[in-house]
Number of protein chains: 2
Amino acid sequence: MKVKTGRIREQNSLKILAAAEAEFVKHGFKGTSMQNIADAAELPKANVLYYFSSKKNLYVAVLSAIAERWDSNLDDMHESQDPGEVLNNYIRNKVDLAIQYPNASKIYATEIIQGAPNLKEHMRTGLRTWLREKTRVIEAWIAQGKMDRVDPNQLIFLIWSSTQHYADFEAQILTVSNKQEYDSDDVEQIKRFLCQVILKGVGLTPPGNA
Amino acid sequence: MKVKTGRIREQNSLKILAAAEAEFVKHGFKGTSMQNIADAAELPKANVLYYFSSKKNLYVAVLSAIAERWDSNLDDMHESQDPGEVLNNYIRNKVDLAIQYPNASKIYATEIIQGAPNLKEHMRTGLRTWLREKTRVIEAWIAQGKMDRVDPNQLIFLIWSSTQHYADFEAQILTVSNKQEYDSDDVEQIKRFLCQVILKGVGLTPPGNA
DNA sequence: GTCTATACAAGGATAGAC
DNA sequence: GTCTATCCTTGTATAGAC
């Protein structure tokens with residue numbers, strides 16, 4: 001019984017994408033060689049170039065996969081919902097994402113630090129639209145007197161920065177804390193701290209603040 | 001009258017360091033060539049290698065200059081001072097630093113994202129000591145009932161992440177905001193927002209909350 | 001002290017065997 | 001569809017002229 005070619009292709013592609021993500025994080029785009037990626041994926045170098053016709057191409061594929069995963073986790077929020085509950089869930093979700101996919105967060109961060117040459121378009125269209133929508137909802141909550149009068153954009157930026165920090169600055173946080181990795185207690189503590197401080201900071205109370 | 005050799009050396013070194021910082025930010029360590037740096041510094045390539053004997057050496061020099069500037073701006077805080085005032089000043093200071101030296105923040109961030117291979121030692125010694133000291137002061141404030149019971153380490157991380165974000169993610173923030181650069185109004189608004197939310201979030205009020 | 005010319009290595013990409 | 005061998009560019013670093 002012949003194995004379908006499509007399956008091999010798919011499996012190899014995924015192996016390469018995972019390996020590439022790990023290597024790009026450690027050494028940057030230029031610092032990563034196709035040989036590194038091939039070795040990590042346990043495939044010959046030419047094979048990697050066979051699936052993704054160029055290094056640049058492979059890098060963009062890695063970025064796209066990350067952006068897709070990122071966007072898929074952007075929960076919808078409606079002004080009819082309770083702001084404390086919505087923001088609480090959003091923050092906890094972002095922390096989970098950061099801890100679960102640190103490499104994704106790191107590559108995304110590196111790309112933006114370098115001026116976002118491959119993400120400018122995504123930000124000008126998709127992200128800006130998403131942000132405007134959320135801003136509108138938060139402004140509605142403020143108008144309804146449900147929370148303090150703060151700049152909605154800044155609030156979103158604060159949530160992004162404070163949550164992603166645990167992925168991007170992992171090396172710093174673990175080193176000064178003298179730890180090898182985050183354990184589940186750490187993660188819960190991070191979530192509680194951020195929810196407590198940010199929600200209280202904008203005049204909200206977490207839903208079940210146990 | 002002969003120009004002192006030391007002056008030329010110093011001036012060229014500074015020009016090279018500035019050029020290197022700008023290039024390393026845009027393309028990363030491996031992605032930056034000595035030719036790029038030499039062109040940006042308006043000097044021949046061999047001249048750059050004459051002053052800093054290797055590329056790695058030059059990169060470490062850039063990092064050291066950054067770490068030094070960073071550390072010199074770590075204000076002292078004492079438990080006898082008013083926590084609201086101290087944290088307010090610290091946050092405003094960090095925002096100024098981020099806006100004034102975005103490249104420094106970006107290179108530092110990139111280095112940590114990649115696992116801090118050249119900063120591990122600095123973090124294990126200098127930074128950890130600094131953090132422990134601040135933690136002690138914040139714990140004293142909490143014990144004195146002057147602020148909410150929060151994890152002091154997390155509070156420091158929150159201040160670092162939220163302030164540095166405006167430097168590191170400049171490209172994202174400016175793009176979604178449809179701006180070319182931060183103006184002085186933006187900077188003041190950022191400071192007010194962060195001080196307001198973070199201080200209130202830990203049970204403090206800014207000193208002169210105008 | 002400054003710069004030109006060059007040795008030498010690494011890596012991306014392709015041609016073509018299997 | 002998969003992989004070996006190779007071409008060619010780029011880039012670090014040095015030797016040595018001025």
Side-chain angles (χ1 to χ4, degrees), chain A residues 1-64 107 110-111 114 117-118, chain B residues 1-64 107 110-111 114 117-118:
Chain A
M1 185 176 125
K2 191 162 146 282
V3 177
K4 254 173 72 187
T5 346
R7 283 206 69 76
I8 293 177
R9 185 177 195 88
E10 195 189 348
Q11 286 187 358
N12 282 349
S13 291
L14 289 176
K15 263 187 12 185
I16 293 168
L17 281 171
E21 194 182 273
E23 294 302 311
F24 282 137
V25 165
K26 283 184 285 189
H27 310 111
F29 174 72
K30 196 65 189 295
T32 301
S33 70
M34 295 302 264
Q35 189 65 62
N36 288 154
I37 297 171
D39 290 350
E42 292 174 312
L43 286 169
K45 183 170 77 159
N47 207 314
V48 176
L49 273 153
Y50 169 67
Y51 285 108
F52 300 87
S53 39
S54 76
K55 187 184 177 183
K56 176 80 184 296
N57 213 319
L58 172 54
Y59 176 71
V60 171
V62 170
L63 259 190
S64 300
I107 289 182
T110 302
E111 174 68 13
Q114 295 187 356
N118 299 287
Chain B
M1 189 176 122
K2 192 163 148 278
V3 178
K4 258 174 68 188
T5 346
R7 282 205 71 77
I8 293 177
R9 187 178 193 88
E10 195 189 348
Q11 285 186 0
N12 281 350
S13 291
L14 289 175
K15 264 187 12 185
I16 293 168
L17 280 171
E21 192 182 275
E23 294 302 312
F24 282 137
V25 165
K26 283 184 286 190
H27 312 110
F29 175 72
K30 197 67 188 295
T32 301
S33 71
M34 295 302 263
Q35 189 65 64
N36 290 155
I37 296 171
D39 290 350
E42 292 175 310
L43 285 169
K45 182 171 74 161
N47 208 314
V48 176
L49 273 153
Y50 169 66
Y51 285 106
F52 301 86
S53 39
S54 76
K55 186 184 179 182
K56 178 80 184 295
N57 213 318
L58 173 54
Y59 176 71
V60 171
V62 169
L63 259 190
S64 300
I107 289 183
T110 303
E111 174 68 13
Q114 295 188 356
N118 298 288

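Sequence lines set the chain letters: A, B, ... in the order given, protein chains first and strands last, and positions in each chain run from 1.
Taking OG of S13(A) as the start and CG of L58(A) as the end, the distance is 9.5 Å to the nearest 0.5 Å. For the atom pair CE (M34(B)) and CD1 (I37(B)), the distance works out to 5.5 Å, reported to the nearest 0.5 Å. The distance from atom OG of S64(A) to atom CG of L17(A), rounded to the nearest 0.5 Å, is 9.5 Å.
Defined by atom type and a distance below 3.5 Å, a donor-acceptor pair is missing between the side-chain atoms of E21(A) and Y59(A).
One can place CG of L58(B) at 11 Å from P of dT12(D), the figure rounded to the nearest angstrom. In this entry the distance linking CG of D39(B) with P of dG11(D) reads 11 Å, nearest Å. Atom pair I37(A):CD1 and dG11(C):P shows a separation of 12 Å (rounding to whole Å applied). One can place CZ of F52(B) at 17 Å from C1' of dT12(D), the figure rounded to the nearest angstrom.
Taking every heavy atom of both residues into account, A40(B) and A19(B) meet most closely at CB-CB, 3.8 Å. Taking both residues in full, the closest heavy atoms of N36(B) and E23(B) are given as CB-OE1, 3.8 Å, listed atom of the first, atom of the second, then distance. Contact detail for G28(B) and T32(B): the closest heavy-atom pair is O-OG1, 2.7 Å.
Closest approach to the I8(A) side chain among dT2(D), dT2(C), dG1(C) is made by dT2(D) (side chain taken as heavy atoms from C-beta onward).
For Y50(B), no side-chain nitrogen or oxygen approaches OP1 or OP2 of dC3(C) to under 4.0 Å. For dT2(D), one of the phosphate oxygens OP1 or OP2 lies less than 4.0 angstrom from a side-chain nitrogen or oxygen of Y51(A).
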Which donor-acceptor pairs under 3.5 Å do side chains of residues 45-52 of chain B form with protein atoms, sequence neighbours excluded?
from, atom 1, to, atom 2, distance (Å)
Y51(B), OH, N12(B), ND2, 2.9

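For the contact set between residues 16-27 of chain A and DNA chain C, defined by any heavy atom under 4.0 Å, there are no members.
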Original post:
Can you give one letter per nucleotide of nucleotides 12-18 of chain C, 5' to 3': B if a protein heavy atom sits under 4.0 Å from the base, S if only from the sugar-phosphate, - if neither?
Top reply: BBB----
